[in-house]
Enquirer: 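I have a structure I would like to understand better, so I am pasting it below and will then ask my questions one at a time.
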Amino acid sequence: MDFNILVGGAAGQGVDTVAKVLELTMKKQGVEVFSHKDYMSRVRGGHNFHMIRFADRPIYSHRESLDVILALDSKTVEIHSSQLSAQGVLVSDESYRQKISTGNALWLPLKEKAVEAGTKLTEGTVAAGAVLHLFDFDFETVWPVLNSLFKSEIFEVNRRALEIGYALTEPQFKLEFPESQPRIMVTGSQAIGLGALAAGLSFYSGYPMTPSTGIMTYLASKMEDAGIVVEQAEDEIAAINMAIGASYAGARAMTATSGGGFCLMVEGLGLAAMTETPLVIAEIQRPGPVTGFPTRTEQADLSFVLTASQGEFPRMVTALRDPEDAFYQTFRAFNLADKYQIPVILLGDQYLGDYYQTIPPFDFSALTIERAIAGEEVWKQPEHYQRYKLTDDGISPRLVPGRCGTQVVIADSDEHTEDGHITEAADVRVAMTQKRMQRLEHLKKEVQEPWVIGQTDPKILLLAWGSTAGPVREAIELLEEDYSIGALIFGDIYPLPTKLLTDLAPNVTMLINVEQNATGQLASLIRQEALIACTHSVLRYDGRPMSGQYIADRVKEVISSDERGTE
Amino acid sequence: MDFNILVGGAAGQGVDTVAKVLELTMKKQGVEVFSHKDYMSRVRGGHNFHMIRFADRPIYSHRESLDVILALDSKTVEIHSSQLSAQGVLVSDESYRQKISTGNALWLPLKEKAVEAGTKLTEGTVAAGAVLHLFDFDFETVWPVLNSLFKSEIFEVNRRALEIGYALTEPQFKLEFPESQPRIMVTGSQAIGLGALAAGLSFYSGYPMTPSTGIMTYLASKMEDAGIVVEQAEDEIAAINMAIGASYAGARAMTATSGGGFCLMVEGLGLAAMTETPLVIAEIQRPGPVTGFPTRTEQADLSFVLTASQGEFPRMVTALRDPEDAFYQTFRAFNLADKYQIPVILLGDQYLGDYYQTIPPFDFSALTIERAIAGEEVWKQPEHYQRYKLTDDGISPRLVPGRCGTQVVIADSDEHTEDGHITEAADVRVAMTQKRMQRLEHLKKEVQEPWVIGQTDPKILLLAWGSTAGPVREAIELLEEDYSIGALIFGDIYPLPTKLLTDLAPNVTMLINVEQNATGQLASLIRQEALIACTHSVLRYDGRPMSGQYIADRVKEVISSDERGTE
Amino acid sequence: MKEGQSKGLFDSDDEIAWCPGCGNFAILTAIKTALLELNKRPEEILMVSGIGQAAKLPHYIRANVFNGLHGRALPPAVAAKIVNPELTVIVHSGDGDTYGEGGNHFIHNIRRNVDIAHFVHDNQIYALTKGQASPTTDLGQVTGIQTKGNLDQPLNPLMLALAAGASFVARGFTGRPEHLVNLMKEAISHPGYALIDILQPCVSFNKVNTHGWYADRVYELPEEYETGNLSRALEKALEWGEKIPVGIFYRVEKPTFSDRLSWLTDHPPLVDRVWNPQDAERFLTELE
Amino acid sequence: MKEGQSKGLFDSDDEIAWCPGCGNFAILTAIKTALLELNKRPEEILMVSGIGQAAKLPHYIRANVFNGLHGRALPPAVAAKIVNPELTVIVHSGDGDTYGEGGNHFIHNIRRNVDIAHFVHDNQIYALTKGQASPTTDLGQVTGIQTKGNLDQPLNPLMLALAAGASFVARGFTGRPEHLVNLMKEAISHPGYALIDILQPCVSFNKVNTHGWYADRVYELPEEYETGNLSRALEKALEWGEKIPVGIFYRVEKPTFSDRLSWLTDHPPLVDRVWNPQDAERFLTELE
Ligand SMILES: Cc1ncc(C[n+]2csc(CCOP(=O)(O)OP(=O)(O)O)c2C)c(N)n1
Ligand SMILES: Cc1ncc(C[n+]2csc(CCOP(=O)(O)OP(=O)(O)O)c2C)c(N)n1
Ligand code: SF4
Ligand code: SF4
Ligand SMILES: [Mg+2]
Ligand SMILES: [Mg+2]
């Protein structure tokens with residue numbers, strides 16, 4: 001069982017609510033859900049849609065072919081009906097009636113019935129009822145969902161609307177329910193936020209920027225309960241500098257933004273590095289340059305964040321691969337930032353940030369916070385504390401101001417002496433540079449090798465990173481029967497873990513980087529770090545996420561064009 | 001003939017003026033001069049010095065070994081006397097008398113004689129007189145220099161001081177005067193400024209930041225004469241956005257900064273690219289991260305500027321190699337920015353920006369301004385003008401608002417249609433991305449191959465970029481007799497010109513990148529772009545520029561360690 | 001109207017992406033009317049904006065447009081005006097754009113006093129990003145991020161502009177379109193930087209400061225109100241709450257940026273500057 | 001003095017890099033005196049600064065120091081205070097640092113009203129970068145970059161702070177050290193953001209606003225001056241030229257940032273927060 005429903009309409013038509021009703025109902029029934037949202041940078045009008053896929057086994061990506069279309073406007077019919085599978089059903093108000101090329105259309109009196117239910121605003125709920133009945137969903141699971149979504153004043157009218165809608169259709173698809181497993185349904189943004197909360201984040205400063213705002217919204221909703229501060233800064237420069245100040249003062253601190261805001265954080269990134277203040281920054285990518293496509297997805301900021309800020313310093317960059325990964329890696333980022341006193345950048349994107357996926361509940365039991373803040377053994381020493389003490393491993397014991405007896409903690413953005421004062425000495429400069437860079441060597445040992453998907457000794461090796469993990473996994477499933485194929489999916493990406501790569505690459509005939517950008521930024525990094533060149537690329541840069549099917553099709557094209565080429 | 005004088009003292013002691021007297025006198029006598037300044041980030045006190053080298057043939061770099069030290073304080077004696085050559089002479093006030101390890105000391109009554117001349121403030125001038133006599137410089141050339149440097153009120157007392165100082169010493173070095181050639185004495189900052197003026201710059205906005213401020217100061221001094229606007233912005237964000245607005249409106253515009261300011265310009269860089277507004281940005285590097293060493297030199301922002309800003313777009317990066325190169329490349333940058341409607345980044349550093357060098361006067365005769373702004377043939381068309389028209393070569397005819405009849409010019413930072421309005425269409429996105437990136441292909445043809453120095457088919461090939469050009473040239477001269485050695489010095493660095501590199505690299509046994517940074521950023525770029533790995537590195541990152549001798553010594557070390565390694 | 005003027009002269013063919021009922025429509029109509037009444041033509045106008053709902057306005061009017069970065073409308077606007085003073089330069093930006101992200105440019109461009117008009121669509125909210133507090137959002141107002149109410153006391157944009165030395169400071173309201181048109185005409189005609197903070201209801205995200213909320217409070221500064229008195233203007237600007245004055249709070253003539261540079265006023269605009277590389281050769285002399 | 005207090009308690013062993021005669025020395029002495037008189041100890045103090053001559057001060061006093069980026073002293077300072085309210089947080093920054101590069105943080109941190117003291121060394125010049133105009137440099141003053149005189153009218157920092165809603169606004173002068181010490185003590189003790197703009201002669205780069213120039217003009221606000229009246233304060237703040245008032249222009253009590261967040265005032269400081277990953281497990285429920 002693997003179904004795919006598209007709910008489409010204009011912004012402000014309640015597409016989100018209808019989608020929520022469907023998603024939550026399915027989740028409650030115990031099926032696996034993957035729900036991806038495609039929306040425009042406007043509040044009303046335009047064309048937005050959700051694709052809600054559900055199955056009796058884990059789902060890793062959206063897919064294009066549709067079993068049901070719920071069209072709240074005629075644009076949805078026009079744009080999407082060609083995606084309908086042969087057995088697919090389009091559900092829409094009769095007023096939008098038109099010819100569709102595949103599948104079956106149910107032109108229903110949705111608007112009329114909505115008025116009948118009590119208000120035309122319930123059109124979406126009527127439609128949701130109609131769709132739920134197509135799948136023969138159990139009413140008993142729908143009520144609690146409705147209850148949680150609608151305020152009591154409007155619950156009744158929506159309940160009525162749903163019932164009326166339900167009556168409009170007959171079951172057409174057969175549901176199979178998997179064995180019920182404990183599941184949460186979560187977006188990447190929520191997972192990052194919860195990972196940070198678990199890690200003991202107590203200070204978050206940020207400035208709204210799509211598609212990163214979800215993280216801040218999530219954290220802000222937990223502000224009082226978790227007893228933390230979530231503060232909207234006047235700009236991104238303030239956001240990162242506040243986070244750094246909070247971290248210096250001893251809090252676990254974080255900021256998040258998208259590429260445009262990250263531009264404004266670049267100097268702050270260097271400040272965290274130079275002052276050796278731990279910091280976690282989530283950069284949730286959207287298509288650029290600059291304003292670009294504010295609500296869409298891309299992976300084109302990798303090269304940027306790798307070398308952002310003047311001068312040279314160690315940083316760690318981890319690409320988040322799915323909500324589950326996002327949770328654990330965000331948690332880990334705080335420990336690593338503290339351990340090495342460095343900035344850690346988490347790279348996400350709109351796709352990862354916004355899609356909902358059912359996954360097993362996060363396991364908190366094995367998580368441990370490691371602050372790596374020095375204790376009395378350091379601050380009870382009679383000598384003045386040296387914030388930047390030169391040590392064998394390049395890591396200076398860190399103290400927190402006001403929490404270390406009569407010692408003081410001196411942090412400085414100039415080149416500095418061990419005790420944190422401005423210096424111009426050449427030898428100190430060399431020692432401090434080496435001390436800073438030495439931590440890159442530690443990080444090289446710390447980084448995790450990429451996920452291996454598909455065959456472990458394949459002839460065709462795909463290389464991907466971040467949120468394409470799921471789609472690539474599905475692509476491999478689709479290709480595996482016909483080809484000797486596998487994939488490496490990088491999470492930790494800088495410093496680049498190269499062991500698996502250098503093991504596998506020499507034996508492959510095709511090395512294909514699969515990236516959501518135009519220039520192949522992972523491939524560039526791999527050339528630079530491992531002197532290995534990809535033979536082919538699958539790139540997408542129109543702001544729409546690649547599905548498993550999309551990748552599989554493109555990989556096939558590449559394979560066949562190559563065979564032709566070598567004939 | 002090749003002499004090297006160091007003038008050292010505390011900030012505020014007049015070291016600059018003494019150095020100026022010496023530099024200008026030498027230049028007027030027709031010898032070649034290379035004067036490098038080492039100064040601290042403070043206004044008074046500390047330790048600053050100039051190294052003034054002069055010879056009867058062109059000089060490309062400073063050197064460490066000294067023929068004369070003019071010490072205005074005891075610190076200068078302590079720090080530098082070991083650099084004195086065996087025949088060298090140290091000139092200092094008798095109050096600073098101490099043992100020196102090499103050379104000869106002249107402990108003179110400089111302070112006393114200054115008071116005798118009229119005021120103790122003339123101590124430096126007395127000392128300058130003493131030094132000039134050591135070289136038997138002609139008085140007649142010194143007066144006009146003094147005249148140009150001192151306001152009339154203090155000219156007389158300084159003249160007296162100079163005479164008194166002159167009388168304190170006897171000639172010790174033999175000057176040989178080269179055949180007199182027309183020469184200018186210029187810093188990199190001035191050369192950049194003058195190149196921009198020649199190119200028709202009419203709007204400069206910037207924010208003070210060492211070591212880039214020299215460019216702005218130079219341009220500001222020509223403001224009225226050239227009839228241009230030089231405006232100090234409230235911050236670097238404003239500086240770049242103003243320059244972009246001015247360029248959009250039809251002016252040739254520029255901004256300059258150092259790494260920290262460039263951080264704040266990163267988003268603006270993307271804006272120039274996305275709106276296809278020509279822009280020239282000079283990034284004059286200093287050691288980072290962040291505040292780092294404000295007044296010192298480094299080449300550690302290359303990786304940063306290569307990929308700064310989110311998303312993908314073409315940019316051109318040219319490293320300036322010496323003041324002469326700086327002039328011509330700055331001029332060219334404006335033409336290229338206009339031709340391809342892109343941002344062009346000029347990479348300099350404190351060394352290049354601040355040293356004075358005698359060079360042949362710039363040749364203005366062959367320079368032509370190419371604005372590439374479309375004419376009536378475009379704006380007299382009846383259709384609405386499309387700022388981002390899709391064309392075969394990816395270049396849309398550019399018009400200037402208010403100068404194109406009844407047409408209007410619509411520039412946009414979102415993804416846009418051909419007419420400049422916001423779009424969310426996938427196909428437009430793809431077309432616009434390709435259109436933007438297509439210009440990178442043009443640039444690949446436009447870039448100039450690196451300078452070839454030394455042997456053209458060497459066994460040992462040095463790779464360098466930017467301001468180390470001169471020092472590497474001197475190093476090659478020092479090494480050439482003993483080794484089969486040559487160098488490629490990159491000016492245009494992105495897109496990377498790879499022809500010479502890929503021709504030469506396969507035949508060398510040692511490929512050594514010589515860079516003023518800790519991680520070898522050129523080497524990284526070459527790995528990425530040409531899949532060629534350097535075998536060794538010579539890196540310096542203590543904020544002090546490499547001299548020819550320094551490089552030669554380090555290269556020799558590398559060679560011998562390697563032979564040992566392969567034994 | 002000039003010859004060739006027509007009611008649709010400033011119409012753009014770009015589709016409007018605002019919500020039905022949004023206050024921005026009134027601003028769009030007002031600016032078109034003001035420009036028509038001032039006998040302007042599209043090619044004489046340069047509309048500059050940042051990012052936000054307000055910042056989309058330039059697309060919806062036929063004119064030269066520079067739609068730049070969030071918070072950064074003013075720097076390109078003033079530079080373009082310096083380069084080509086013949087352009088009528090108008091900035092449209094949101095309260096977040098102007099007073100939040102762009103706050104530094106706001107105070108410093110008041111100092112610069114370049115001859116532009118600046119119309120801030122002040123809906124007291126970040127609308128495009130779906131409803132976070134802006135610098136003018138009321139204290140305590142609850143939003144998706146200010147879950148415990150807005151913690152930072154709101155800015156008073158008029159106070160700030162007056163304090164920074166602006167020579168034209170006004171407030172308008174989308175509910176008084178004719179008044180707004182007049183303000184716009186005055187602002188555009190004012191030599192130097194002219195600010196109108198326009199109260200603009202956002203029907204989607206600001207459920208506190210609605211059209212009705214404003215309409216109940218807004219009153220026009222009386223005829224007798226003297227616009228040349230700074231202390232008076234500061235006092236008036238402090239008035240906010242039960243009663244909200246609209247109109248011109250302050251207007252004086254101050255030298256503009258270009259007035260201070262003789263070679264800008266005496267010469268053709270920089271955009272028309274004639275220059276050959278050889279003209280720069282004279283600067284070699286001092287290096288010889 | 002507290003037990004363990006001694007005159008040298010706040011002495012740093014870092015070498016001072018200012019010019020002889022610089023006004024900054026008086027500020028350094030004043031702040032040390034103020035802290036001693038307030039019975040503070042070095043480890044209780046956090047000095048935050050940006051970049052500039054002023055911004056070097058934290059190195060010259062024994063205290064916790066965060067010497068960050070040019071223009072960005074305030075954001076880390078307020079955040080550190082929020083995280084650990086037990087720290088006495090003091091920002092030292094230059095006029096360029098504060099009102100130029102950092103202008104946006106200045107106005108918005110006034111809104112935030114975190115309990116810190118902010119001492120601006122206002123020498124009306126960019127000193128560390130060798131003498132360019134700052135936002136407070138006089139109109140027409142000639143510098144290496146303002147070769148035709150400064151074109152932008154100066155900001156009045158006190159006006160700006162008042163307009164932005166500051167609850168403590170003062171001006172000091174290095175030539176009146178005792179008065180300055182008192183101002184500093186008041187500012188440090190004031191709950192919320194407290195600004196002192198300190199007139200600080202730069203002997204190397206500002207040859208206009210010299211010690212003598214200030215000394216001739218400066219007078220202290222009289223005892224009777226009421227500090228709680230905003231209109232009065234605005235009027236006083238406009239006074240600049242022949243006579244320059246120093247003292248506390250305005251002081252009222254407003255809720256601070258932390259006052260508005262109950263869980264900050266009721267709980268131990270964030271720096272002492274006890275938290276296990278498992279404490280976050282409860283947030284899973286809503287995702288189920
Ligand atoms: C550097 C940067 N940061 C953040 C954003 C996201 N952003 C776009 S519009 C906006 C706020 C708009 O608010 P306002 O200026 O009040 O305009 P409105 O939508 O209310 O008209 C923000 C935060 C951005 N585009 N760029
Ligand atoms: C991002 C950035 N831009 C510019 C600079 C250069 N810079 C350092 S200090 C300074 C001006 C300092 O002026 P002010 O704040 O008045 O301090 P003062 O030196 O006068 O005390 C500037 C422009 C910098 N360090 N960082
Ligand atoms: S969200 Fe608000 S400001 Fe934006 S278009 Fe809708 S009503 Fe207008
Ligand atoms: S330059 Fe001016 S501000 Fe800086 S230390 Fe010298 S006198 Fe003081
Ligand atoms: Mg708004
Ligand atoms: Mg200053």
Side-chain angles (χ1 to χ4, degrees), chain A residues 182-186 190 194 197-200 202-203 205 222-229 231 233-235 237-239 241-246 248-251 253 267-268 271 275 331 361-362 364-365 367-369 400-414 420-422, chain D residues 4 12-15 17 41-46 48 51 56 58-59 62-69 71-72 74-84 86-87 104-105 107-109 111-112 257 261-264 267 269-273 275-284 287-288:
Chain A
R183 282 290 180 271
I184 56 172
M185 188 161 71
V186 66
Q190 292 170 331
L194 188 47
L197 286 177
S202 67
F203 190 97
S205 43
K222 304 289 170 286
M223 186 151 62
E224 182 163 16
D225 192 348
I228 64 173
V229 168
E231 174 66 356
E234 55 273 25
D235 55 32
I237 303 174
N241 279 281
M242 288 175 84
I244 292 170
Y248 162 80
E267 199 188 8
L271 179 66
T275 57
F331 182 87
F362 303 127
F364 287 75
S365 64
L367 303 179
T368 321
I369 293 174
V400 161
R403 290 293 178 276
C404 49
T406 59
Q407 297 286 7
V408 296
V409 182
I410 303 172
D412 184 24
S413 75
D414 299 81
H421 291 305
I422 302 173
Chain D
S12 154
D13 41 21
D14 200 28
E15 191 211 330
R41 295 194 41 87
E43 63 272 19
E44 296 167 351
I45 310 297
L46 170 59
V48 184
I51 299 296
K56 290 178 183 169
H59 291 279
R62 184 160 169 81
N64 295 292
V65 173
F66 190 86
N67 181 183
L69 300 175
R72 320 296 170 194
L74 285 174
V78 299
K81 178 71 184 185
I82 293 169
V83 167
N84 187 352
E86 292 165 14
L87 292 172
N104 209 32
H105 313 306
I107 54 181
H108 288 285
N109 279 302
R111 298 177 51 218
R112 219 166 252 131
F257 181 89
L261 292 177
S262 56
W263 61 98
L264 284 188
H267 288 63
L270 292 179
V271 61
D272 301 322
R273 179 168 177 263
W275 186 262
N276 287 309
Q278 296 71 35
D279 295 330
E281 199 157 0
R282 61 176 183 271
F283 301 125
L284 272 185
L287 305 174
E288 273 161 9

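Numbers restart at 1 for each chain; the letters A, B, ... are given by sequence-line order, proteins then strands.
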Enquirer: Can you measure from CG (A/L271) to CZ (D/F66) and round to the nearest 0.5 angstrom?
Expert: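 CZ of D/F66 is found 4.5 Å from CG of A/L271.
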Enquirer: With a 4.5 angstrom heavy-atom cut-off, which part of D/W263 approaches chain A: side chain, backbone, both or neither?
Expert: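 Just the side chain, heavy atoms under 4.5 Å.
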Enquirer: How long is the gap from CZ on D/R41 to OG1 on A/T406, to the nearest 0.5 Å?
Expert: 6.5 Å
Enquirer: Is it the side chain or the backbone of D/I51 that comes within 4.5 Å of chain A heavy atoms, both, or neither?
Expert: side chain
Enquirer: Is A/S205 close to chain D through its backbone or its side chain, or both, or neither, when contacts mean heavy atoms under 4.5 Å?
Expert: neither
Enquirer: Of the backbone (N, CA, C, O) and the side chain (C-beta and beyond), which part of D/V83 lies under 4.5 Å from a heavy atom of chain A, both, or neither?
Expert: side chain
Enquirer: Is there side-chain contact between D/P76 and A/I244, with at least one heavy-atom pair below 4.5 Å?
Expert: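 Side-chain contact under 4.5 Å: no.
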Enquirer: Between chain A and each of D/V48, D/L264, D/L69, D/L261, count heavy-atom pairs under 4.5 Å; write down the option with the most.
Expert: D/L69
Enquirer: Less than 4.0 angstrom from a charged side-chain N to a carboxylate O is my criterion; do A/E231 and D/R112 meet it?
Expert: yes
Enquirer: Taking side chain as C-beta onward, heavy atoms only, is D/E288 less than 4.5 Å from A/P182?
Expert: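 Not touching, per the 4.5 Å side-chain cut-off.
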Enquirer: Any salt bridge linking D/E86 with A/R403? Criterion: basic side-chain nitrogen under 4.0 Å from a carboxylate oxygen.
Expert: yes
Enquirer: Donor-acceptor pair, D/Q278 side chain versus A/F364 backbone, under 3.5 Å?
Expert: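 Answer holds: yes.
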Enquirer: Just give me the residue among D/N67, D/L270, D/L87, D/V271 that pairs up with chain A most often, heavy atom to heavy atom, under 4.5 Å.
Expert: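 Heavy-atom pairs under 4.5 Å are most numerous for D/N67.
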Enquirer: For D/K56, is it the side chain, the backbone, both, or neither that has a heavy atom closer than 4.5 Å to a heavy atom of chain A?
Expert: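 The answer is the side chain of D/K56.
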Enquirer: Which atom pair, heavy atoms only, marks the closest approach of D/R273 to A/A226?
Expert: NH2-O, 3.1 Å
Enquirer: If you round to the nearest 0.5 Å, how far is CG of D/N109 from CD of A/E234?
Expert: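 It is 5.5 Å, given to the nearest 0.5 Å.
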Enquirer: Picking from D/D279, D/N104, D/N276, which has the most non-hydrogen pairs under 4.5 angstrom with chain A?
Expert: D/N104
Enquirer: Nearest 0.5 Å please: distance from the CG atom of A/D225 over to the CZ atom of D/R282.
Expert: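 Separation between the atoms: 4.5 Å.
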Enquirer: Mind checking the CZ-CG spacing from A/F362 to D/L287? Nearest 0.5 Å is all I need.
Expert: 7.0 Å
Enquirer: When you measure from the side chain of D/W275 to the backbone of A/L197, do you find a donor-acceptor pair of N or O atoms at a distance under 3.5 Å?
Expert: yes
Enquirer: For the residue pair A/A246 and D/A79, what are the closest heavy atoms and their distance?
Expert: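 Minimum heavy-atom contact is N-CB, 3.7 Å.
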Enquirer: Heavy-atom distances under 4.5 Å only: say whether D/I107 touches chain A with side chain, backbone, both or neither.
Expert: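 Contact with chain A is absent: no heavy atom of D/I107 under 4.5 Å.
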Enquirer: Donor-acceptor check, side chain of A/Y248 to backbone of D/V65, threshold 3.5 angstrom: yes or no?
Expert: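 Indeed, once roles are kept as given, a pair shorter than 3.5 Å links the two residues.
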Enquirer: Could you go through the side-chain contact (heavy atoms from CB on, under 4.5 Å) check for D/S12 and A/H421 one step at a time?
Expert: CA-CA 10 Å; D/S12 154; A/H421 291 305; 4.1 Å; yes
Enquirer: Name the region of D/P58, side chain, backbone, both or neither, that has any atom closer than 4.5 Å to a heavy atom of chain A.
Expert: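 Neither part.
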Enquirer: Within this structure, what is the CG-CD1 distance for the pair D/L46 and A/I410, rounded to the nearest 0.5 Å?
Expert: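 Taking CG in D/L46 and CD1 in A/I410, the distance rounds to 11.0 Å.
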Enquirer: Which one wins on heavy-atom pair count under 4.5 Å against chain A: D/H267, D/E15, D/H59?
Expert: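 Among D/H267, D/E15, D/H59, the one with the most close pairs to chain A is D/H59.
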Enquirer: Is there a donor-acceptor pair closer than 3.5 Å between any side-chain N or O of D/N64 and the backbone N or O of A/V409?
Expert: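 It does hold such a pair.
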Enquirer: Mind ranking A/I237, A/T275, A/V400 by heavy-atom pairs under 4.5 Å with chain D and telling me who comes out on top?
Expert: A/I237
Enquirer: Which atoms of D/H105 are under 4.5 Å from chain A, going by heavy atoms: the side chain, the backbone, both sets, or neither?
Expert: both
Enquirer: Indicate yes or no: at least one non-hydrogen side-chain atom of D/S262 is less than 4.5 angstrom from one of A/E224.
Expert: yes
Enquirer: Look at A/A249, A/A198, A/S413, A/G420 and state which one has the largest set of heavy-atom pairs under 4.5 Å with chain D.
Expert: A/A198
